[in-house]
Structures are given as C-alpha cells and as structure tokens.
Amino acid sequence: MNDKNTSVEETVSKYLRQNPDFLEKRPALLKYLELNHASGPAISLIERQVQFLRQENEALEQQHNQLIQVAADNEKLMHRLHQLTLELMSMGDLPSFFDRLSKALLTEFKADILNITLFDLKIEAGPKTPLFHVRRDDPELQQFQDTLEKGHSVCGRLNRNKRDFLFAARSQWVQSMVLVPMGKDGMMAIGSSDPARFYPGMGTLFLDLLADIVTSRLALEAPQKQRKSA
C-alpha cells in the first residue's frame with residue numbers, strides 16, 4: 001500500500017468517525033460494503049458492531065479482574081509487612097532484630113542466599129545470619145553507587161564482580177537477585193538459583209518499605225548509645 005492510498009484511507013476513516021450517521025443518510029452505500037466473517041459469508045454491519053463491542057467488553061472485564069487481583073495481592077502484602085514490622089520492632093536488641101529479618105527475607109521471598117551489609121556499624125548477630133560490615137569508603141562499594149543513589153530496589157542479574165563481592169564462593173550459582181539500598185546505613189542482597197525469580201520490572205514495594213523499617217530501627221539505636229555514654 002502506497003502513501004497516497006494510506007492518506008485516502010486515513011481521510012475517510014477520520015470523516016466517518018466525525019460523521020457516524022453518514023451511512024444512515026446514504027443507506028444505498030451499504031450494499032457496496034464487504035464485511036467478511038471468519039465462519040463464512042458476509043455479516044451485517046450491526047452484527048460486526050455487536051461482535052466488536054463484545055470483544056471490547058471482554059477486554060475491559062479482563063482488565064478489571066486484573067486490577068482486582070492486584071488490589072488483593074497488595075492487601076495481603078501490606079498485611080504481611082504489618083505483621084513483620086510488629087515482630088521486628090518487638091526485638092529488644094539489634095542482633096535479634098537482624099536474626100529475625102534474615103529469616104523473614106529468606107522465607108518470604110523463597111530465596112537461596114542473602115547478604116545484609118551495614119556501613120560503619122558492627123553488629124554481632126547469630127551464626128546463621130549473613131550480616132556483614134563494610135566501611136562506607138571501601139573502594140569495592142563504588143560499583144554499587146548508582147543503585148545506592150537511586151534509593152529503590154533493583155531486580156535482575158548483576159555482573160560477576162558484584163555477585164562475587166556479595167556472595168563470594170556461592171556467587172557462581174546466583175542466577176537472579178534483588179539489591180535493596182538502605183540509605184546511608186547499608187544494603188541488602190537477596191539471591192536465587194532460579195533465573196526467573198527476580199526479574200527487571202517486578203514489584204519491590206515490600207522490600208523498599210522493609211528497608212525503611214531497617215533504617216528507622218537503626219536510627220533508634222543512636223540516641224540509646226548516646227544516653228549510655230553520657
């Protein structure tokens with residue numbers, strides 16, 4: 001189809017949209033229209049309109065159902081976050097806090113490996129809690145700078161250098177992961193051997209809110225240390 005034919009079709013299409021009663025005023029033109037149907041002979045214009053409206057309605061209904069499902073999933077998400085927040089805030093000390101956080105992350109996200117890295121803060125958590133300390137000025141952190149500055153979680157597959165830094169010898173089988181910045185306090189990395197477990201574009205609201213909870217808990221610790229040293 002050349003540009004001239006395309007231009008004519010666009011002009012006719014625009015005119016008919018602006019004048020929906022055109023064929024009603026000129027019914028004789030209907031006999032020249034050909035509207036083929038998948039099942040065989042030609043169908044009437046009304047039948048074609050009904051068919052189109054039915055398909056449009058089905059699409060809208062599907063979209064509506066998807067929105068309902070998203071709302072239901074978000075409600076469950078907020079309920080789980082609320083329960084976890086109450087549990088975490090009930091922990092009397094930071095080691096217990098991070099022990100519970102570590103267990104929740106691995107369970108909630110069906111993950112295989114976890115890294116919680118804190119900057120300039122050393123905490124002795126339980127032996128099964130992957131809690132690490134790295135100085136904020138460590139050159140190795142430069143490779144994460146872009147993600148840390150974004151301030152929100154990033155999902156997908158990181159390069160080998162980043163995975164080696166986060167997961168050491170076990171990095172070779174980490175096929176997908178999510179990196180969660182925690183402001184100036186640190187970052188969390190959750191890894192999986194499933195390439196499709198964490199993918200670019202997936203929702204990270206739960207993790208971003210959880211990161212806020214961690215930073216808030218750490219902020220509470222500073223005044224307590226100041227009172228003890230006074």
Side-chain angles (χ1 to χ4, degrees), residues 70 73-74 76-78 80-82 84-85 87-88 91 94-95 97-219 221:
V70 169
D73 291 343
N74 285 339
K76 292 178 182 178
L77 182 70
M78 289 300 103
R80 296 202 307 271
L81 181 64
H82 176 68
L84 180 57
T85 301
E87 290 181 31
L88 290 173
M91 300 298 168
L94 285 178
F97 175 90
F98 281 103
D99 287 342
R100 180 66 188 94
L101 174 65
S102 173
K103 183 178 179 181
L105 288 172
L106 290 171
T107 303
E108 195 71 36
F109 293 94
K110 299 179 176 62
D112 298 312
I113 191 170
L114 173 68
N115 174 305
I116 303 175
T117 297
L118 297 180
F119 304 151
D120 303 334
L121 181 62
K122 292 183 179 180
I123 298 174
E124 296 296 332
K128 293 184 178 181
T129 300
L131 184 62
F132 305 95
H133 163 257
V134 177
R135 289 182 58 85
R136 197 191 309 270
D137 58 0
D138 191 316
E140 291 283 359
L141 290 179
Q142 189 60 39
Q143 59 187 322
F144 299 98
Q145 196 59 38
D146 289 344
T147 302
L148 294 174
E149 289 178 353
K150 287 180 180 177
H152 59 79
S153 302
V154 176
C155 298
R157 181 177 171 84
L158 298 186
N159 64 45
R160 184 61 184 267
N161 288 339
K162 292 179 180 179
R163 284 184 285 126
D164 285 347
F165 176 82
L166 294 168
F167 305 119
R170 301 177 67 187
S171 67
Q172 58 185 343
W173 52 261
V174 175
Q175 299 299 309
S176 66
M177 60 173 292
V178 54
L179 188 65
V180 187
M182 297 191 299
K184 60 182 179 58
D185 296 310
M187 60 183 178
M188 298 184 290
I190 309 170
S192 173
S193 57
D194 180 2
R197 179 65 192 89
F198 301 109
Y199 53 89
M202 74 177 292
T204 60
L205 177 62
F206 186 100
L207 286 169
D208 290 334
L209 292 176
L210 197 55
D212 290 339
I213 294 171
V214 176
T215 56
S216 296
R217 179 64 180 84
L218 291 174
E221 195 70 13

Worksheet item: Should Ile123 and Leu118 count as side-chain neighbours, where that means a heavy-atom distance under 4.5 Å?
Response: yes
Worksheet item: Of the non-hydrogen atoms in Ala111 and Gly191, which two are nearest, and what is the gap between them?
Response: CB-O, 3.6 Å
Worksheet item: Do the side chain of Asp99 and the main chain of Gly126 share a donor and acceptor less than 3.5 angstrom apart?
Response: yes
Worksheet item: Rounded to the nearest 0.5 Å, how far does NE2 of His133 lie from OG1 of Thr117?
Response: 10.0 Å
Discussion item. Can you classify the ring geometry of Phe198 versus Phe109 as parallel (below 30°), tilted (30 to 60°) or perpendicular (above 60°)?
Written reply: tilted
Practice prompt. Output the distance between atom OG (Ser102) and atom CD1 (Ile116), rounded to the nearest 0.5 Å.
Written response: 5.0 Å
Worksheet item: What pairs with Glu124 under side-chain contact (heavy atoms from CB on, under 4.5 Å), at least two apart in sequence or on another chain?
Response: none
Item to complete: Could you list the residues that satisfy ring-ring contact (aromatic ring centres under 6.0 Å, His included) with Phe119, not counting sequence neighbours?
Response: none
Worksheet, complete the sentence: Rounded to the nearest 0.5 angstrom, the CG-CZ distance for Leu88 and Phe97 is 4.5 Å
Discussion item. So which atom in Met187 and which in Met182 form the shortest heavy-atom distance, rounded to 0.1 Å?
Written reply: N-CE, 3.5 Å
Worksheet item: If you measure from CZ on Phe98 to CZ on Arg217, what distance do you get to the nearest 0.5 Å?
Response: 8.5 Å
Discussion item. Test of understanding: with side-chain contact (heavy atoms from CB on, under 4.5 Å), list the residues that count as partners of Lys103, not counting sequence neighbours.
Written reply: Arg100, Thr107
Give the table of side-chain donor-acceptor pairs shorter than 3.5 Å for residues 166-175, with sequence neighbours excluded, one pair per line with atom names and distance.
unit_1	atom_1	unit_2	atom_2	d
Ser171	OG	Asp164	OD1	2.4
Ser171	OG	Ala168	O	3.0
Gln175	OE1	Arg157	NH1	3.2

Item to complete: Give a yes or no answer on whether the side chain of Glu108 reaches the backbone of Leu105 with a donor-acceptor pair at less than 3.5 Å.
Response: no
Fill in: Leu106: which of Leu114, Ile113, Leu101 passes side chain to side chain contact (heavy atoms under 4.5 Å, CB included)
Leu114
Fill in: Side-chain donor/acceptor of Asp112 to backbone N/O of Ser193, under 3.5 Å
yes
Fill in: Polar side-chain atom of Thr85 near backbone of Leu81 as donor-acceptor pair, under 3.5 Å
yes
Worksheet item: When you look at Asp185 and Thr215, which way does the side chain to side chain donor-acceptor pair (under 3.5 Å) test go after all the steps?
Response: CA-CA 7 Å; Asp185 296 310; Thr215 56; 4.9 Å; no
Worksheet, complete the sentence: Asp194 meets the salt bridge (Lys or Arg N to Asp or Glu O under 4.0 Å) criterion, sequence neighbours left out, with none
Discussion item. Would the distance check show the side chain of Lys162 and the main-chain N or O of Phe144 forming a donor-acceptor pair, the cut-off being under 3.5 Å?
Written reply: no
Worksheet item: Can you find a pair of side-chain heavy atoms, one from Asn115 and one from Pro130, that are under 4.5 Å apart?
Response: no
Worksheet entry | Between SG on residue Cys155 and CG on residue Leu207, distance to nearest 0.5 Å | 7.0 Å
Fill in: Point-to-point distance, once rounded to the nearest 0.5 Å, from CD1 of Ile190 to OG of Ser153
7.5 Å
Worksheet item: Hey, does the side chain of Ser216 reach the backbone of Asp212 with a donor-acceptor pair shorter than 3.5 angstrom?
Response: yes
Practice prompt. State, yes or no, whether a side-chain contact exists between Tyr199 and Val178 at a heavy-atom distance under 4.5 Å.
Written response: no
Practice prompt. Just jot down the side-chain contact (heavy atoms from CB on, under 4.5 Å) partners of Gln145, sequence neighbours excluded, or say none.
Written response: Gln142, Glu149
Fill in: Nearest atoms (heavy-atom pairs only) where Pro200 meets Gly156
CD-CA, 4.0 Å
